[in-house]
Amino acid sequence: MRKPFDLNADYQPKDFKFRPAFKKKSAEIIANYPKGKQQSAVMGLLDLAQRQVAEDGAKADKPYGGWIPKAAMDHIAEVLDMPPMKVYEVATFYSMYNLAPVGKYLVQICGTSPCWLCGAGKIKKVCEDHLGIKLWDSTDDGLFTLMEVECLGACVNAPMVQINDDYYEDLNEELMIKILDDLKAGRKVSVGSQTGRKASMAASGPTTLMDEAKKAKVV
Ligand code: FES
């Protein structure tokens, strides 16, 4: 069952602080901005918070993925000396921030026209059937959450999904099942094109710039 976004939910931890390694990274991000403009680091710090939670979740008995608790947003507001509401406004605007717990593997299925024409519907169905959940839900073991998203910019290798930070492209139903099974079993999974296609070109190979393609060793 997917947890709803709720700032007062039971799943919200009471406290959040950046651990030393993440605190160091947050200082580096803040230092990218001119004096007096440190609040511009809010997006980078939200991303860091999500990554710290993901690191904790990967080690938990019942795993979970990266998300941003209210306590983390409040901590970021304190660090950047800005009203918490301003941090909530940014966090709720962008879909890459998860504001409620998600599975260790967040499977984002692209459902926009090029992927849809190339079989995104079948990818969505095979994910739902294989994991035994519907879109927007999470598996009981805490491993997977399924989402449908708009174009992820890898249309030429459609259909594709994003799982955490990685893209998996040129999918079909069998390849999708294998990826899910390998992730579940902790096996190494190769990212990018699942059919070995290199770079952004037609499935039959490059049709222009042939010399450059040879130089780049894609043919
Ligand atoms: S339509 Fe799926 S990546 Fe663009």
Side-chain angles (χ1 to χ4, degrees), residues 2-3 5 43-44 46-48 50-51 54 57-58 64-68 90-139 143-184 187-210 212-213 216-219:
R2 188 190 191 201
K3 299 214 166 32
F5 169 45
M43 292 185 70
L46 284 166
D47 180 63
L48 266 191
Q50 187 158 280
R51 288 176 190 280
Y64 51 87
W67 67 285
I68 306 172
V90 176
T92 52
F93 184 79
Y94 293 99
S95 60
M96 79 275 265
Y97 300 128
N98 305 311
L99 301 180
V102 293
K104 180 178 176 185
Y105 300 110
L106 179 59
V107 183
Q108 301 183 71
I109 305 164
C110 174
T112 305
S113 314
C115 280
W116 178 69
L117 284 167
C118 291
K122 288 183 188 164
I123 300 301
K124 184 182 88 170
K125 181 157 186 338
V126 81
C127 285
E128 289 183 330
D129 291 350
H130 196 63
L131 297 175
I133 53 173
K134 291 288 179 196
L135 274 187
W136 316 113
D137 278 349
S138 300
T139 52
L143 282 177
F144 296 97
T145 295
L146 277 185
M147 278 186 190
E148 181 171 342
V149 294
E150 298 303 329
C151 180
L152 290 168
C155 327
V156 74
N157 289 359
M160 59 80 66
V161 302
Q162 178 177 350
I163 304 179
N164 297 350
D165 284 339
D166 295 314
Y167 278 16
Y168 299 83
E169 304 157 9
D170 289 327
L171 295 170
N172 61 32
E173 289 149 294
E174 294 72 37
L175 291 167
M176 189 70 238
I177 289 175
K178 183 172 182 325
I179 291 167
L180 296 174
D181 286 346
D182 285 348
L183 288 172
K184 184 169 181 170
R187 289 190 286 267
K188 191 168 161 31
V189 182
S190 66
V191 302
S193 171
Q194 300 298 302
T195 57
R197 186 154 44 148
K198 292 183 187 144
S200 296
M201 61 181 167
S204 55
T207 54
T208 58
L209 301 170
M210 303 302 282
E212 280 74 8
K217 298 193 171 75
V218 296
V219 286

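Indexing begins at 1, ligand by ligand and atom by atom, following the structure's order.
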N-O pairing of R51 and D165 below 4.0 Å: yes
Close side-chain approach of L180 to M176, heavy-atom, < 4.5 Å: yes
Side chain, backbone, both or neither: C110 near ligand 1, heavy atoms under 4.0 Å: side chain
Close-contact set for ligand 1 against C115 heavy atoms, below 4.0 Å: 1 (S), 2 (Fe), 3 (S)
Least distance between heavy atoms, K104 atom then N164 atom: O-ND2, 3.0 Å
Atom indices of ligand 1 within 4.0 angstrom of A154 heavy atoms, with elements: 3 (S)
D170 and S193: side chain donor to acceptor below 3.5 Å: yes
Per-atom contacts of ligand 1 with T112, taking only distances under 4.0 Å to non-hydrogen atoms: 1 (S)
Of the listed options G153, A158, P114, closest to atom 1 (S) of ligand 1 (non-hydrogen atoms): P114
Atoms in ligand 1 flagged as close to C155, the criterion being non-hydrogen separation under 4.0 Å: 1 (S), 3 (S), 4 (Fe)
Close side-chain approach of Y97 and Q50, heavy atoms under 4.5 Å: yes
